[in-house]
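A short worksheet on the structure shown next.
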Amino acid sequence: MEYNFIEIEKKWQDTWNEKHIYQVKNEDTRPAYYVLDMFPYPSGAGLHVGHPLGYIASDIFARYKRLQGFNVLHPMGYDAFGLPAEQYAIEHGIPPAVSTAQNIKNFRKQLDRIGFSYDWSREIKTSDPQYYKWTQWIFLQLFKSFYNRQNAKAEPIEKLVAVFEKEGNIHFPCPGNEHTIFTPEMWNSYDEKIKMEILMNYRLAYCGYGEVNWCEGLGTVLANDEVMNGLSERGGFPVERKTLRQWYLRITEYADRLLEGLLRVDFSDSMKEMQSNWIGKSTGAEISFQIHNVSNESVKVYTTRPDTIFGVDFLVLAPEHILVSQITTPDHQKEVDEYKAYMKSRSDRERQAEKKITGCFTGAFAVHPFSDKLIPVWISEYVLAGYGTGAIMAVPCGDERDFKFAQHFNIPITNIIGREFNGEMANDTKDAILENSDFLNGVKMRDAAEMVLQKLAEKNIGKAKIQYKMRDAAFSRQRYWGEPFPIIWQDDIAYPMNENELPLLLPPVDELKPGPHGQGPLANNREWIENVPGNGIRESSTMPGYAGSSWYFLRYMDPHNNDRFCDKKISNYWGNVDLYIGGTEHAVGHLLYSRMWTKFLFDLDLINFDEPFKRLLNQGMIQGSSRFVYKLIYTIENVQPSNLPVIFISKKYADHFLEKNEFDETGALQLGKIVNDYFKKTIEPINIFIQNITPIHTDVNMVNGFELNMDEFKKWRNHEYGDACFILDDGKYICGAEVEKMSKSKFNTINPDDLVLKYGADTFRLYEMFLGPVEQSKPWDTKGIEGVHRFLKKLWRLFFDESKGSLMYESEASSDELKILHTAIKKVKEDTERFSFNTAVSAFMIAVNELTTLKCHNIAILKPLIILLAPYAPHIAEELYQHVRLYKQENNFESILDETLPVVNEKYLMETSKNYPVSINGKLRTTISISLEAGQQGVETIILSNEVVKKWLDGKPHKKIIYVKNKMINIVI
RNA sequence: GCCCGGAUGGCGGAAUUGGUAGACGCGUCAGACUCAAAAUCUGGUAUCAGCAAUGAUGUGCAGGUUCGAUUCCUGUUCCGGGCACCA
């Protein structure tokens, strides 16, 4: 009987399915455990081997927890809204709903082959109206709420209105506009429109204005990755910054709680660091600088170093700062306008990445608040409008960028830190004693900030301020394929729809062209836009991808509930996600948004936890190993280029040419032969002109190692290279290689289906894990898969012999056998719990190798071993398990999935002695077996009488002997 | 540019808390079985020197701390991820 994985895997997948073995109930006596994969976007390209890496890890963990007696929730669904489907629709005319459904079907088929334990009865899709009804509903709650800073909690906006009527906003400063200050009398006298505008500045979901990548040529807003070097990727039209009305989430109000929550979750330190850097909390001061000769105009700057106030040599404003046009003097107007025009084409990222120093003097001067010195005011791209006040005070002796700017534009530098500043580079120390600093002279920098703040307060020109780098999250997209906003505009006031009218369905549209005035495609559907009572119109933007994915983990708990997004009783049972697995690329986007939504829903008392994910595991990215063929670009005198044969040259010759810009001799001979054969006449080599060599991505599936299968290559892409000729290296065509992102366009994708077909799902699962640490990125290489496949066959042969049949017997296990088993149990348990799946697989291999050596076919050993293996290789484990049950004449059906995980018994692992490494001066010289009981004295006696040690001591005395029990011995001479 | 990772044999990787560097697998070499092949099994395999015993070198690079460093510290190079409308 041999290991027929195709039959076995099909049988058990079908059986598990029929018996609904993965269906999970929302109540159980067992403790709940929630294992979740990050929501996949069902891309048209289908699964490649990189996708299932995390899914396999989570599946192993979910199955492991189940064996440990937990009721495990392990669902899967689709983040189905998104730009690619819309793009596909524009290019191919297939509606997003249709292509998405197709992609999901394909995705599901691929997932099913790998044998995951998902409870598919809980599947959700964000594009399903039954799902987005609740996304819209939560949005409405955000819209109807404000953040009460007094108790740090979201509350209904009605409460705020009641406060305004009684006391104005004196105790509730406006987060959207700090200049909004009113008394109750004023509030009560405002009309509806003004009231609604004021409330908009408090709402957690609000409408405001923001900059976007505007492409006039396409009439649409573009995503950053649709823009290449200031041009649209599609069509190559210029892209510029444009201000448009946008919806936002006031995530900045949650900044402190998002920081605090990081202390309570089990994420990697680097992940927490990335999030807190993104939030970017800094303490500093906001300081007003009066503009010289312009009455009543002052520039507010934000600085984290108020202690350096006397080192200010110039101010820099963001070019888009509103004051720029007011303060620019006529003689600098032209220059400033030109600089601002240049800035329109620059993205924030380009501006920050720019090494070249650019800027422009406005002609204006500011007055130093203490010394009354006149300070020139510049504009430069390194100051961003969106951060702080959009203006900085530049202190070149203490800040690198300021220093370079001053140097570049020859601005004199004031030194306030004496010897700490060498005049050649800035020194951002906080420990210097201040000089040239008026009332701060002789004060330590760390103590100066407080004094400055006090003086600023006295003069009423500045105050301490906490600043966040994080900005409010843009929440609208001028796109079609997303959730419509349940908002109706009436007289330019946004009104929420009634909750009982949800879902607001996304209407079908005939053509996905952009709407007028930078609006999304929905704006073209006048019937839908205007189909509201009165003279109102609908919001034409849709929500972004992260809307649906910010709360999906809650819907899985109660996916079919028509009355609530999730019953609170049920979310109480499951609690937040115990283990969340996904890539680091979501570090600051999805993870922060879902953390915010969770806190918001918690504030509204709709769930009773305020962090969505207890523990996070980041899986690495599996990269592709691309292969290249090298196409020769050449001409022959008197021959039309189109009549020339297409020639590819093997790597060696390509390298030679690219390096030395000449053709290798043996290569030239082959080239001559190819050309002569092709034209059936002799062409003088002198008439062949080689211009260049272009590497072309070729499908890695046609390449064995580096050797190209030339026949397959000729058939590739509908015989595009059907007539190709090859210049070979030792009879072979050798390809070039490079590690890149796995992607269809690079022809380096490996489809899991092919591997499952060839080796089975169990082998595939084990191999993905065996590749290396799950957190680490690595290029895919199929080469080693044979090894894990062999392991499974070897395991099989512990139970069955091809000719003799079953080998199983049951008897009392020997101590050797028990030691092997319990070593494996211990190692696999530890490794699984610390997500070191690769070493767990190797522990299985060691166990099977050793049991094979012992010719152990004892059920007493093998049964616990396959239960231990079941999370990793469920199909073969179930098959062997059923054979064991048959042997034991247990005839009722019970799945291995509901077995109990074997527990390690340390008594089988006890050792009495250890083979100690003995080093002399830290260099290993020998090993000596010594009892684990031995003490320092005993050990010294033993090792000093050892021949090798004596030889190295060579009669000299030793200085000391370091003995670490159960570790090592080191003799210092 | 800024933030976060990573770098160990021919290859993927192991070494969990500073304690025998290279577990396990691939590849490769030699052998067994076979008419032959596949499959399977056994043994070798970091590098250099040596018949061997053994010795020297060795975890991107340059330093440092330590009896002892892949592990900790400082600096540096290269590669990957993110940087707010890809998801």
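In what follows, chains are A, B, ... by sequence order, proteins preceding strands, each numbered from 1.
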Answer yes or no: does a side-chain N or O of [X] lie under 4.0 Å from OP1 or OP2 of [N]?
X      : N     : value
A/Q776 : B/G13 : yes
A/N849 : B/G25 : yes
A/R797 : B/U40 : no
A/R790 : B/A39 : no
A/K778 : B/G81 : no
A/R925 : B/U20 : no
A/W952 : B/G55 : yes
A/N224 : B/A84 : yes
A/N838 : B/A14 : yes

Expressed in angstrom and rounded to an integer, what is the separation of [X] atom [atom1] from [N] atom [atom2]?
X      : N     : atom1 : atom2 : answer
A/R834 : B/U17 : CZ    : C1'   : 12 Å
A/L591 : B/G82 : CG    : P     : 14 Å
A/M470 : B/C2  : CE    : C1'   : 18 Å
A/L924 : B/G19 : CG    : P     : 15 Å

message = Just confirming the chi classification of B/G9, syn or anti, using 90° around 0 as the syn window.
response =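 Syn conformation here, the glycosidic angle of B/G9 being no more than 90° from 0.
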
Give a yes or no on whether the backbone of [Y] and the side-chain of [X] come within a donor-acceptor separation of less than 3.5 Å.
X      : Y      : answer
A/T584 : A/A587 : no
A/W481 : A/A80  : yes
A/E226 : A/R234 : no

key: Most 5' of A/I846 and A/P779 on RNA chain B, judged by nearest nucleotide   =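 Final value for this comparison: A/P779.
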
ask   = With nearest nucleotides of RNA chain B determined for A/A80 and A/E786 from heavy-atom distances, which residue corresponds to the more 5′ nucleotide?
value =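 Looking at the nearest nucleotide for each, A/E786 comes out on the 5' side.
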
key: RNA chain B: stems of at least 3 consecutive Watson-Crick or G-U pairs whose donor-acceptor distances fall under 3.5 Å   =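 When the pairs of RNA chain B are grouped into runs of at least three, the stems are B:1-7 with B:77-83, B:10-12 with B:24-26, B:27-32 with B:40-45, B:46-49 with B:54-57, B:60-64 with B:72-76.
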
ask   = Base, sugar-phosphate, or nothing: which does A/S476 touch, judged by heavy atoms less than 4.0 Å apart?
value =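 Base contact.
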
key: Between B/C26 and B/C61 - P atom distance, rounded Å   =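 So the two P atoms sit 29 Å from each other.
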
request  = Taking the six-membered ring for Trp and the single ring otherwise, decide whether the centroids of A/Y3 and A/F5 are under 6.0 Å apart.
outcome  =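 Under 6.0 Å, so yes.
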
task = Would you confirm whether the ring centroid of A/Y131 sits within less than 6.0 angstrom of the ring centroid of A/Y552?
result =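 When the ring centroids of A/Y552 and A/Y131 are compared, they turn out to be at least 6.0 Å apart.
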
inquiry  = Holding to salt bridge (charged side-chain N to carboxylate O under 4.0 Å, His left out), I want the full list of residues that pass it with A/R346, two or more places apart in sequence or in another chain.
reply    =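 By the salt bridge (charged side-chain N to carboxylate O under 4.0 Å, His left out) rule, A/R346 matches A/E354, A/E381.
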
query = Less than 4.0 Å between a side-chain N and a carboxylate O, is that true for A/E211 and A/R471?
reply =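 A/E211 and A/R471: not salt-bridged.
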
message = So, applying side chain to side chain donor-acceptor pair (under 3.5 Å) with A/T763, which one of A/H789, A/K793, A/E786, A/E768 is it?
response =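 Result for side chain to side chain donor-acceptor pair (under 3.5 Å) with A/T763: A/H789.
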
